[in-house]
Amino acid sequence: MSGTNPQRQGAPAAKEIARAAAILKEGGLVAVPTETVYGLSADASNGDAVAEIYRVKGRPDFNPLIVHVPDIAEAEMLATFDGRARLLAQTFWPGPLTLVLPLIHDAPIAKAVSAGLSTIAVRSPAHPVMQALLAESGLFLAAPSANRSGKISATRAEHVRKSFGEDAPMIVDGGPCAAGVESTIVAARSHGWQLLREGPVTAPEIEHLLGEPPMQVADDRIEAPGQLARHYAPVKPLRLNADAAMANEWYIGFGSMTGDDNLSVKGDLAEAASRLFDCLHRGDASDAPAIAVAPVPGEGIGAAINDRLKRAAAR
Ligand code: TXA
Ligand code: MG
């Protein structure tokens with residue numbers, strides 16, 4: 001992932017990481033890049049700091065947060081890993097996979113982090129800046145995506161600034177996020193595994209590793225509100241699978257279907273994912289009153305792209 005090379009020009013200096021860690025230890029918020037999207041992080045053990053995340057995001061308090069950890073050993077202080085969970089973590093961590101697991105009683109986590117559930121979402125991110133911040137602070141970091149609740153996620157520091165305006169916390173600028181869509185969320189249940197959110201680690205990859213298909217749960221309780229019908233949404237109406245722009249539409253193309261913008265001229269799905277939210281931000285900021293997007297194939301990370309587009313277009 002070239003976008004995550006700590007040596008590249010413009011990578012935050014050690015001094016900036018130290019300043020961010022100090023803010024976090026004092027109970028403040030810091031926006032930090034991960035390989036998926038920017039996160040709005042706080043000390044997961046500090047109830048006031050976690051409450052501030054919910055306030056700044058405008059997030060409903062029933063929607064729990066992901067806790068970021070350096071590695072599996074640290075995650076085991078918070079959550080109980082069964083065989084499936086261990087195999088998933090060993091295979092995909094550090095990386096864009098979040099595991100929903102039973103919360104250990106007395107884990108050093110503020111109640112609001114898991115919104116009163118008996119489970120907790122944990123992820124070990126691959127991004128060197130987030131890993132440096134975990135190491136420097138010595139904290140478990142609760143971090144939702146760094147955008148106002150329900151709005152387009154942030155894959156660049158400027159998106160975070162734009163989303164929060166005057167409420168913007170310190171932002172550690174690590175450049176654009178390489179993956180560009182939020183982590184895959186998998187719940188390890190006693191009888192199998194459940195896909196709660198599509199993401200960079202695909203369902204077929206998980207099925208192949210675990211040797212069993214996901215459980216189909218006939219239950220419409222919302223377990224990951226990221227699954228809400230309308231989410232990741234631009235302000236303007238968004239039309240999907242558009243073969244061409246209609247009058248007044250900002251057209252986001254894919255491959256040879258060109259327009260005002262293009263997710264990937266080469267037709268590369270990984271590139272399209274990394275550019276997805278940036279393209280939506282630009283469409284929203286354009287003069288056009290509406291946005292249209294070309295069809296995007298659904299295989300591989302295309303499943304996550306189409307999931308986000310569907311929710312972004314829902315009214
Ligand atoms: O890639 C990512 O996952 C980014 C980066 C910053 O790590 N974070 C992120 O957080 O996308 P957020 O808050 O935007 O999405 C977290 C999702 C929500 O849909 C939430 O409902 C779900 O995780 N979640 C958290 N804890 C859960 C739990 N115990 N059970 C089920 N779903 C949970
Ligand atoms: Mg989010």
Side-chain angles (χ1 to χ4, degrees), residues 29-42 44 50 53-54 56-69 78-80 92-104 107 109-127 129-131 133-134 140-155 159-160 163 172 174 177-189 193-201 217 219 221-233 273-274 277 301 304 307-308 311-312:
L29 306 188
V30 175
V32 49
T34 81
E35 69 276 32
T36 57
V37 299
Y38 276 72
L40 181 65
S41 66
V50 171
I53 291 182
Y54 282 90
V56 170
K57 258 189 84 86
R59 184 175 180 117
D61 62 7
F62 57 78
N63 190 356
L65 307 176
I66 296 172
V67 177
H68 298 71
V69 297
L78 310 180
T80 306
F92 295 111
W93 281 6
L97 177 72
T98 294
L99 296 171
V100 169
L101 303 173
L103 172 63
I104 289 179
I109 293 295
K111 281 250 175 325
V113 168
S114 54
L117 297 174
S118 59
T119 53
I120 185 168
V122 285
R123 158 162 125 83
S124 173
H127 199 290
V129 171
M130 182 51 136
Q131 278 289 349
L133 201 53
L134 287 165
F140 295 119
L141 295 177
S145 53
N147 53 277
R148 299 246 191 223
S149 186
K151 299 296 192 288
I152 310 173
S153 307
T155 53
H159 299 158
V160 182
S163 197
V172 184
C177 301
V181 291
E182 293 83 351
S183 61
T184 306
I185 305 181
V186 168
R189 311 287 191 203
W193 63 281
Q194 205 182 333
L195 185 69
L196 297 184
R197 181 170 72 185
E198 307 256 17
V201 176
V217 180
D219 181 349
R221 261 179 324 149
I222 294 167
E223 284 223 59
Q227 299 179 117
L228 288 173
R230 179 169 166 79
H231 208 89
Y232 315 106
S274 75
F277 290 129
I301 198 167
D307 168 76
R308 302 303 189 276
R311 295 175 206 284

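Counting convention: from 1, in listed order, for ligands and their atoms alike.
Taking every non-hydrogen atom of Ile185 and a distance limit under 4.0 Å, the qualifying atoms of ligand 1 come out as 17 (C), 22 (C), 23 (O). Within ligand 1, counting atoms from 1 as listed, the ones closer than 4.0 Å to a heavy atom of Ala143 are 6 (C), 8 (N), 10 (O). Under a 4.0 Å criterion applied to the non-hydrogen atoms of Thr36, ligand 1 contributes the atoms 1 (O), 2 (C), 4 (C), 5 (C). Each of the atoms 28 (C), 29 (N), 30 (N) of ligand 1 lies under 4.0 Å from some heavy atom of Leu117. Contact atoms of ligand 1 toward Ala121: 25 (C), 26 (N), 27 (C) (distance under 4.0 Å to a heavy atom of the residue). Proximity to Leu196 (heavy-atom distance under 4.0 Å) selects the following atoms of ligand 1: 31 (C). Residue-ligand proximity, Arg197 to ligand 1, at heavy-atom distances under 4.0 Å covers atoms 2 (C), 3 (O), 9 (C), 11 (O), 15 (O), 16 (C), 17 (C). Close approach to Ser183 involves these atoms of ligand 1, each under 4.0 Å from a residue heavy atom: 1 (O), 2 (C), 3 (O).
Across all non-hydrogen atoms, the minimal contact from Gly174 to His127 is O-NE2, 4.3 Å.
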Pair His68, Met130 - check side-chain contact (heavy atoms from CB on, under 4.5 Å), show working. CA-CA 9 Å; His68 298 71; Met130 182 51 136; 3.6 Å; yes

Given Tyr232 and Asn147, is the side-chain contact (heavy atoms from CB on, under 4.5 Å) satisfied, shown in steps? CA-CA 9 Å; Tyr232 315 106; Asn147 53 277; over 6 Å; no

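Of the polar atoms of Thr34, none of the N or O atoms is found under 3.5 Å from an N or O of ligand 1, judged by distance alone. By the 3.5 Å distance cut-off applied to N or O atoms, Asn63 is counted among the residues near ligand 1. Between Thr119 and ligand 1, at least one N/O pair is under 3.5 Å apart. An N or O contact shorter than 3.5 Å is missing between Tyr38 and ligand 1 by distance.
Without hydrogens or angle criteria, Tyr54 side chain to Phe62 main chain gives no donor-acceptor distance under 3.5 Å. Checking side-chain atoms of Gln131 against main-chain N and O of Pro125 turns up a donor-acceptor pair under 3.5 Å.
With no hydrogens or angles considered, a side-chain donor-acceptor pair links Thr36 and Arg123 at under 3.5 Å.
Using a 4.0 Å heavy-atom cutoff, Arg59 is listed among the residues neighbouring ligand 1.
The one candidate from Leu40, Leu65, Ile53 that meets the side-chain contact (heavy atoms from CB on, under 4.5 Å) condition with Arg59 is Leu65.
Taking the charged nitrogens against the carboxylate oxygens, Glu182 and Arg308 do have a contact shorter than 4.0 Å, which makes a salt bridge.
Using a 4.5 Å heavy-atom cutoff, the side chains of Val100 and Val186 are not in contact.
The Mg ion (ligand 2) has no N, O or S atom of Ser149 inside 2.8 Å of it.
Across the listed options Val32, Val37, Ile66, Ile66 owns the non-hydrogen atom lying nearest to atom 16 (C) of ligand 1.
Rounded to the nearest 0.5 angstrom, Thr119 OG1 and Leu196 CG are separated by 9.0 Å.
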